[in-house]
Amino acid sequence: MNRLYKSIFLFALSICNLQSAICQSFTHADTLRGSNGPGRDWWNVLHYNLNVKFDLDDSSISGWNEIQFKQLYTNEVLTMQIDLQDPLTIDSFIYQYKNSDITVNCSYTKSGNAYFVTLPLSKTLPNKFEPFITSAKIYYHGKPHIAKNAPWDGGMVWTKDKLGRPWISFACQGIGASCWFPCKDYQGDEPDNGATISITVPDSLMAIANGSLRQEHNAKKNTTYTWEVESPINVYDIVPYIGYYVHFSEIHNYKALSISKKNQEIADTAETTMASGAFGKRKRSYDGLDMSYWVLDYNLDKAKKQFKDAGRMMKAFEYWFGPYPFYEDDYKLVDAPYLGMENQSDIAYGNEYTNGYLGHDLSSSGWGLKWDFIIVHESAHEWFGNNITSKDIADMWIHEGFANYAEALFTEYYYGKEAGDDYVIGLRKNIVNDTPIIAPYGVNKEGSEDMYWKAANMIHMIRQVINNDTLFRQILIGLNKTFYHQTVTTQQIENYISTTSKIDFSKVFDQYLRTVQIPTLEYKTQDSTLSYRWTSCVPGFNLPLKINFKGEQWIKPTEEWKTIRIPSQGSDKFSVDRNFYINVKKVD
Ligand SMILES: [Zn+2]
């Protein structure tokens, strides 16, 4: 979801303009939060075991998070950075010695929202270092920061449903999961073996979280719901929902995909790969995916109608991107007290049971009103965002650009290729070219909201240049297979696309992701000659272009003037294919 589209309605423009990277300044706290610093780089999270009780009398929470981790290298003294945001407070930090029941209560210091715990690791180190696994249990309590305008600002949403009953959740993207529990709040380190999330609430309420429901335990008029995620998970995606929920479900079968003959070959490849287990090392079969829908009791009838788009979504995206990446953790769509969020296997839904984006078509093409935006967009993040996650939020275009383009692919799947083109071209009106899509690294900073529409249009242009939709789809599936359950850099994604397509797109990525200039095709016609070149571009920019001149043809402009012969009559009919997001300028 991200800060999705808030500017459309709020007209909020960035304070800084083209020189944003220069006029921004970052604090020590930004670096602590956004980088893989010395308090983080020596340990790898394996599992979070989170146990939190919600006190409805005073809107406070209390509990613990047991972090299982692997020490990656040795040192005499290692300091561990744990993130937990004010006004929550850590009560104690209990370190467990390797291979023993011996524990020690560690001391710590605090700098802003980061705690630094000095671990007594020197006592446990063997002569020859071997990475070892151990754990730490962190007790904490407090009243989490309340979001004023979730999901845009983030934090806890402690509200009431239409019947005046409690309805509680969190929106953590941007603000981070450390707004509600202690963790390594950094996208580059997901818990390899997932998370166990136990939420305790009064008996009358239901608590939902990521993954599959494993246990309900009653005690003293409270119920603890334990949910289990087996896959690596984005820490900002770990989110509970508490309220008066009911649910219904359906089983999705990957093999039931309807695939046209033309694409049979690639479908066979996908199925074979799955059968061999390369897509998923885990036990769950792909025969049946539990898709369950958790909604407030009074929304049940509406949901049964509107959530048909979830089945449509799953069918379309498994076609384009390969199998849903979290079969072992199920798929859930959950009524949320805010618009939406891609919480992994636990998608937040708050689109008021309307098509479009709260009834609006963000593309103005008409196609955006044919389906429920939140179901389609947020679920697309299961592939791009949750399966493939950017290590640094500066590279969030990997999440949002592909999810935005997924909307066009969904449109194309059900309404045809021209409809998909109309949709993505229609999104261009939202591009502002204020700051680059890729932001500075290591300081917890996202780039421009152009990471949605402009990145989607860049992907669409790359598809045109590849000029082979079977190969393009193979690349989308290949990305999800190659970077399955991984965190990545933009360079890995860029290189994969260039290598697999055998076309060097590096200058195209530089132009559209790292500058705010729109490349301009300058051209002139004289008699039977068309002259053309790129301007307003990065050095070496070489995007091939499809033009129409009494029929389609490709040209390969550079910064130098080039010419081709054209029919002397009809030079006024020159046009650039509409699928390219560029400027065109006639010069004398
Ligand atoms: Zn999104």
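Just so we're clear, the structure is a prediction, and the values are computed from it rather than from any experiment. All ligand and atom numbering here is 1-based and tracks the order in the structure.
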For the Zn ion (ligand 1): the N/O/S atom of [X] at shortest distance:
X	value
Glu400	OE1
His377	NE2
His381	NE2

* Among side-chain atoms of Asn444 and Asp30, is any donor-acceptor pair under 3.5 angstrom? -> no

* Using the test ring-ring contact (aromatic ring centres under 6.0 Å, His included), find all partners of Phe181 that sit at least two apart in sequence or belong to another chain. =>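 With sequence neighbours excluded, Phe181 shows a ring-ring contact (aromatic ring centres under 6.0 Å, His included) to no residue whatsoever.
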
* For Trp320, what residues pass the ring-ring contact (aromatic ring centres under 6.0 Å, His included) criterion, not counting sequence neighbours? ->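 If we apply the ring-ring contact (aromatic ring centres under 6.0 Å, His included) test to Trp320, skipping adjacent residues, there are no hits.
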
* To do: Measure from the side-chain N and O atoms of Glu250 to the backbone N and O of Tyr293, and report whether any donor-acceptor pair falls under 3.5 Å.
  =>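 No; judged by distance alone, with no hydrogens or angles, the pair does not exist.
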
